[in-house]
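One structure is given below, encoded as structure tokens.
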2 protein chains.
Amino acid sequence: MNPAVPTKRTPTGRAEPGDTRTRLVMATATLLQRQGYEGTSIKQILKEAAATYGSLYHHFPQGKEELAAEALRFGAAEFTELLRQGLSSSDDPAEGVANCAHLMADSLRDSDWTDGCPVAATALEIIGRSPLIQRTSDEALREWRGLIADTLHRGGHSEVHAAALACTVLSALEGAELLSRVSSDDAPLRLAAEHLAVLTRAGL
Amino acid sequence: MNPAVPTKRTPTGRAEPGDTRTRLVMATATLLQRQGYEGTSIKQILKEAAATYGSLYHHFPQGKEELAAEALRFGAAEFTELLRQGLSSSDDPAEGVANCAHLMADSLRDSDWTDGCPVAATALEIIGRSPLIQRTSDEALREWRGLIADTLHRGGHSEVHAAALACTVLSALEGAELLSRVSSDDAPLRLAAEHLAVLTRAGL
DNA sequence: CCTCCGCTAGATCGATCGATCTAGCGGAGC
DNA sequence: GCTCCGCTAGATCGATCGATCTAGCGGAGG
């Protein structure tokens with residue numbers, strides 16, 4: 001792993017450090033989020049990351065699939081931060097959940113409806129065809145459920161109830177993002193924010 | 001359009017009539033649902049539908065994209081039927097909504113987690129890259145929202161409130177399907193059923 | 001029976017896919 | 001200054017992509 005180096009801007013809009021491996025992972029994360037696994041070619045990744053085949057297969061001997069799994073973990077960590085930020089924005093877990101939806105809506109709108117959940121597009125098309133990527137996606141979704149459940153639990157919900165509610169909260173967030181992106185309209189996410197707050201309060 | 005002809009079973013599990021155009025559309029609908037647009041090759045479609053290039057480009061001069069749009073409409077109509085069945089299963093709209101989730105869970109479980117929403121996988125990966133397919137997906141989602149909204153409205157919700165709630169209901173269904181498919185577990189959809197019923201009753 | 005035409009059959013095209021390979025750069029350690 | 005090796009550069013591979021093309025089947029109309 002190389003030391004920190006200056007960063008530059010790329011067409012993906014993501015800041016990318018000089019470290020080649022990191023550039024590859026970040027560029028792949030963005031592209032997977034936007035166009036899924038099959039829709040993203042290695043050549044496009046290399047161009048976006050300003051890297052070459054040699055670098056890619058040096059850092060990821062298993063090729064595209066291995067790189068994609070690493071990129072999903074990277075994107076998932078970013079999304080975890082967004083959730084953490086939303087959930088911690090209020091002492092009221094209902095408001096925290098709603099703010100997650102609003103943060104997602106803001107992020108999507110500001111990025112022309114591209115920057116949402118980093119695993120959804122890839123996960124849906126790969127189910128049953130790449131155990132590695134499916135498992136990686138599953139782990140990300142479970143981490144997010146756990147994060148939401150912890151917040152609900154601390155907010156007064158029973159542990160079992162918090163876990164169940166967290167699952168539906170994440171479902172609604174993921175689904176609302178799909179609707180928002182397809183229609184280029186943040187209304188589904190804003191409505192999800194409102195309704196999830198109601199649901200969270202109703203459960204107490 | 002040809003007259004009705006005998007059907008046969010294919011590896012997709014879908015009954016397919018002798019009409020070549022219909023076989024193409026049905027096979028494509030199934031494949032898009034399972035592996036998305038980029039993950040589905042024309043060759044695979046032709047094999048699955050027992051058709052050839054000549055037939056495909058005769059019926060769909062614009063090629064893969066035109067066929068995919070038609071297939072999405074076909075799959076969407078099937079899913080509309082599932083929703084209609086769930087929504088009409090009870091006089092209580094809360095139960096109707098919950099039954100939609102249960103029907104989806106049953107369908108997914110029975111098909112090894114493949115037969116869910118016919119547009120989600122394709123829509124997510126194609127956003128911003130195929131106006132035709134994105135618009136077709138959007139129309140399907142809007143139709144489903146309208147169907148749910150009508151039921152809620154008839155169940156006593158105000159028109160505005162019914163539309164808003166219907167949006168979140170569909171979001172939760174779509175998201176819960178994602179979670180269920182990725183984890184090969186129907187729990188997210190069963191939980192969504194329960195929570196959506198609570199939310200629907202809370203809104204009255 | 002012959003013609004016509006909607007439809008199907010499948011070879012073939014150039015482009016691009018993911019992957020592999022050899023060659024060579026360039027900083028660290030001696 | 002020299003060697004060594006982690007890393008990068010990019011040509012090239014066979015396979016497969018979506019698309020186009022000509023050829024020909026076979027039922028309907030005369």
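Each chain gets a letter, A, B and so on, in the order its sequence line appears, and its residues count up from 1. Bear in mind the structure is a predicted one, so any value in this text is a computation, not a measurement.
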inquiry  = Please determine whether a side-chain nitrogen of the Lys or Arg among A/Arg154 and A/Asp150 lies less than 4.0 Å from a carboxylate oxygen of the Asp or Glu.
reply    = no
task = Scan every strand shown for a Watson-Crick or G-U wobble partner of D/dA23, both distances under 3.5 Å, and answer none if you come up empty.
result = C/dT8
ask   = Considering only side-chain heavy atoms of B/Ile42, which listed nucleotide, D/dG10, D/dG18, C/dG18, is closest?
value = D/dG18
note = Testing C/dT8, D/dG18, D/dA9 for proximity to the side chain of A/Thr52, the answer is D/dA9
inquiry  = Taking pairing as Watson-Crick or G-U wobble with both contacts under 3.5 Å, can you name the mate of C/dA15, or confirm there isn't one?
reply    = D/dT16
request  = Starting at atom CZ of B/Phe60, determine the distance to atom P of C/dC7, rounded to an integer number of angstrom.
outcome  = 12 Å
Whole-Å distance separating the CZ atom of A/Arg23 from the C1' atom of D/dA9 = 13 Å
task = Would you mind reading off the distance between B/Lys43 atom NZ and D/dA15 atom C1', rounded to a whole angstrom?
result = 10 Å
request  = Taking only Lys NZ, Arg NE, NH1 and NH2, and the carboxylate oxygens of Asp or Glu, determine whether A/Arg73 and A/Glu78 approach each other closer than 4.0 Å.
outcome  = no
ask   = Is the phosphate of D/dA19, meaning OP1 or OP2, less than 4.0 Å from a side-chain N or O of B/Tyr57?
value = yes
message = Assess, by modelled atom type and distance only, whether the side chains of A/Gln33 and A/Thr114 contain a donor and an acceptor separated by less than 3.5 Å.
response = no
query = Roughly how many Å is it from NZ in A/Lys64 to P in D/dT16, rounded to a whole number?
reply = 15 Å
ask   = Hey, is the side chain of B/Ser41 poking within less than 4.0 Å of OP1 or OP2 on D/dC17, counting only N and O atoms?
value = yes
task = Would you indicate which nucleotide in D/dA19, D/dA11, C/dC17 comes nearest to any side-chain atom of A/Tyr53?
result = D/dA11
message = Rounding to an integer number of Å, can you tell me how far B/Leu46 CG sits from C/dT12 P?
response = 18 Å
query = For A/Arg129 and C/dG18, what is the distance between atoms CZ and P respectively, to the nearest whole Å?
reply = 13 Å
query = Mapping B/Glu38 and B/Gly54 to their closest nucleotides on DNA chain D, which lands nearer the 5' end?
reply = B/Glu38
task = Let me know the distance between CD of A/Glu65 and C1' of C/dC17, rounded to the nearest Å.
result = 16 Å
task = Taking only Lys NZ, Arg NE, NH1 and NH2, and the carboxylate oxygens of Asp or Glu, determine whether A/Arg21 and A/Glu70 approach each other closer than 4.0 Å.
result = yes
request  = Please check the phosphate of D/dT8 (OP1 and OP2 only) for any side-chain N or O of A/His59 closer than 4.0 Å.
outcome  = yes
request  = Would you please confirm or rule out a distance under 4.0 Å between OP1 or OP2 of D/dT8 and any side-chain N or O of A/His58?
outcome  = no
request  = Whole angstrom is fine here: how far is it from NZ in A/Lys47 over to P in C/dT16?
outcome  = 11 Å
message = Less than 4.0 angstrom from a charged side-chain N to a carboxylate O is my criterion; do A/Asp106 and A/Arg190 meet it?
response = yes
